[in-house]
Protein chains: 2
Amino acid sequence: MRVNQLANETGVSVDTVRYYTRIGFLKPTKNPSNGYKEYCAKEKRRMRFILSARQLGFSVSDIAEILDTADQGESPCPLARRLIQKRLEENEKGFQDSQRLRQRMYSAVRDWETKPDRAPTGNMICHLIEEFSESG
Amino acid sequence: MRVNQLANETGVSVDTVRYYTRIGFLKPTKNPSNGYKEYCAKEKRRMRFILSARQLGFSVSDIAEILDTADQGESPCPLARRLIQKRLEENEKGFQDSQRLRQRMYSAVRDWETKPDRAPTGNMICHLIEEFSESG
DNA sequence: GTAGACCTGTGTCCTGGTCACAGGTCAACT
DNA sequence: AGTTGACCTGTGACCAGGACACAGGTCTAC
């Protein structure tokens with residue numbers, strides 16, 4: 001199986017497969033006749049695992065740790081529990097930030113509806129942005 | 001005013017000031033005696049503007065467009081209105097994604113509380129992750 | 001004169017891929 | 001054969017928005 005087939009069968013782009021190959025998650029053999037990379041069924045299972053983990057918010061380096069642990073025959077489960085907790089906290093923070101930003105943006109758009117466009121002056125670049133910041 | 005002072009007075013790191021300088025938002029003069037960059041009051045106003053815009057979710061390249069427009073004496077306000085609308089839509093999408101991910105993660109953590117750690121097998125790397133993905 | 005704290009510019013690195021590019025492969029056609 | 005053209009491949013550069021490492025300059029105290 002070459003990169004294109006693996007990509008199609010797992011629903012990702014060839015670039016993604018190549019990326020995971022480049023960072024060592026997948027270890028295809030090299031076809032000597034043309035230099036193409038050959039992926040086997042095991043690589044496909046590994047690919048599916050990687051995608052499952054990404055869906056759960058694990059970072060690529062989290063997955064590296066998990067794969068390494070499992071490759072050594074140890075249970076990666078305790079590690080997965082620890083890591084997801086950490087990522088969950090980060091995500092929670094990012095989520096709150098995103099929510100606050102969203103509110104600021106909506107608030108700015110509403111505020112700007114009643115305001116005219118103005119040309120820049122010596123000490124003002126964009127009146128809308130600067131006046132909103134002062135008020136908020 | 002050198003990089004450190006500008007950074008302190010605007011509440012950012014020196015690396016941020018240097019970054020905005022590198023991409024051309026700030027144009028300090030060069031002190032010939034020691035090669036240090038000298039920032040004037042105008043740069044400081046510009047810096048504050050950049051930070052205000054970032055706070056409203058504008059990207060660095062949005063800000064580049066806005067600054068260019070204003071530097072040519074035109075009103076950047078219509079552009080700002082258009083851009084914030086676009087960023088708002090993107091943010092809305094990211095916000096929804098983040099919310100969905102957060103729910104998946106919480107759900108996984110809860111699910112895993114009742115499950116034991118298991119060693120990897122020939123076709124399973126991490127039981128927790130893979131079984132959760134199948135179920136969800 | 002010099003030790004040491006602080007400051008500076010330049011260059012590299014980070015995430016998680018995406019894109020550009022030059023060249024290889026293969027079937028269909030002349 | 002030869003060749004056209006579609007598709008496929010690997011390698012390397014690039015994206016945002018800074019953070020970090022490093023070598024060397026500056027400045028004050030002694």
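Just so it is clear: chains get the letters A, B, ... in the order the sequence lines come, proteins before strands, and each one is counted from 1.
- Within 3.5 Å, a donor on the side chain of B:D15 pairs with an acceptor on the base of D:dC20, or the reverse.
- In this structure, the OH atom of B:Y36 is 15 Å from the P atom of C:dC6, given to the nearest Å.
- Out of D:dT26, D:dG18, D:dG10, the shortest distance to the side chain of B:V60 is found at D:dG18.
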Could you check A:C40 against A:M1 for side chain to side chain contact (heavy atoms under 4.5 Å, CB included), going step by step and ending with a plain yes or no? CA-CA 6 Å; A:C40 64; A:M1 191 181 341; over 6 Å; no
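- Nearest to the side-chain atoms of B:T16 among the listed nucleotides C:dG17, D:dA19, C:dT10 stands D:dA19.
- Although no hydrogens or angles enter the test, the distance criterion places a donor-acceptor pair under 3.5 Å between the side chain of A:T21 and the main chain of A:V17.
- Atom CZ in A:R87 sits roughly 13 Å away from atom C1' in C:dG16 (whole-Å rounding).
- Between B:V3 and the options B:R18, B:K37, B:E38, a side-chain contact (heavy atoms from CB on, under 4.5 Å) holds for only B:R18.
- Around the NZ atom of A:K42, the shell of radius 6.0 Å holds no more than 12 heavy atoms that belong to other residues, nucleotides or ligands.
- Comparing B:N4 and A:S59 by the nucleotide of DNA chain C that holds the closest heavy atom to each, the one mapping nearer the 5' end is B:N4.
- Rounded to whole angstrom, the span from the OH atom of B:Y19 across to the P atom of D:dC15 amounts to 10 Å.
- Atom P of nucleotide C:dT10 and atom CG of B:N34 are separated by 12 Å, given to the nearest angstrom.
- What separates CE of A:M1 from P of D:dT9 is a distance of 12 Å, to the nearest Å.
- A donor-acceptor contact under 3.5 angstrom links the side-chain atoms of A:R18 to the base of D:dG10.
- Distance B:E65 CD to D:dA16 C1': 15 Å, rounded to the nearest Å.
- Backbone-only contact: A:V3 has heavy atoms under 4.0 Å from sugar-phosphate atoms and none from a base.
- The separation between B:R2 atom CZ and D:dG25 atom C1' is 11 Å, rounded to whole Å.
- Remark: the A:R22 side chain and the C:dT18 base include a donor-acceptor N/O pair separated by less than 3.5 Å.
- A sub-4.0 Å separation between OP1 or OP2 of D:dC8 and a side-chain N or O of A:K37 is absent.
- Look at CD on A:E90: it is 10 Å from P on C:dG16, rounded to the nearest Å.
- In this structure, A:R102 is positioned above the aromatic face of B:F95, its NZ or CZ under 6.0 Å from the six-membered ring centre and within 45° of the axis.
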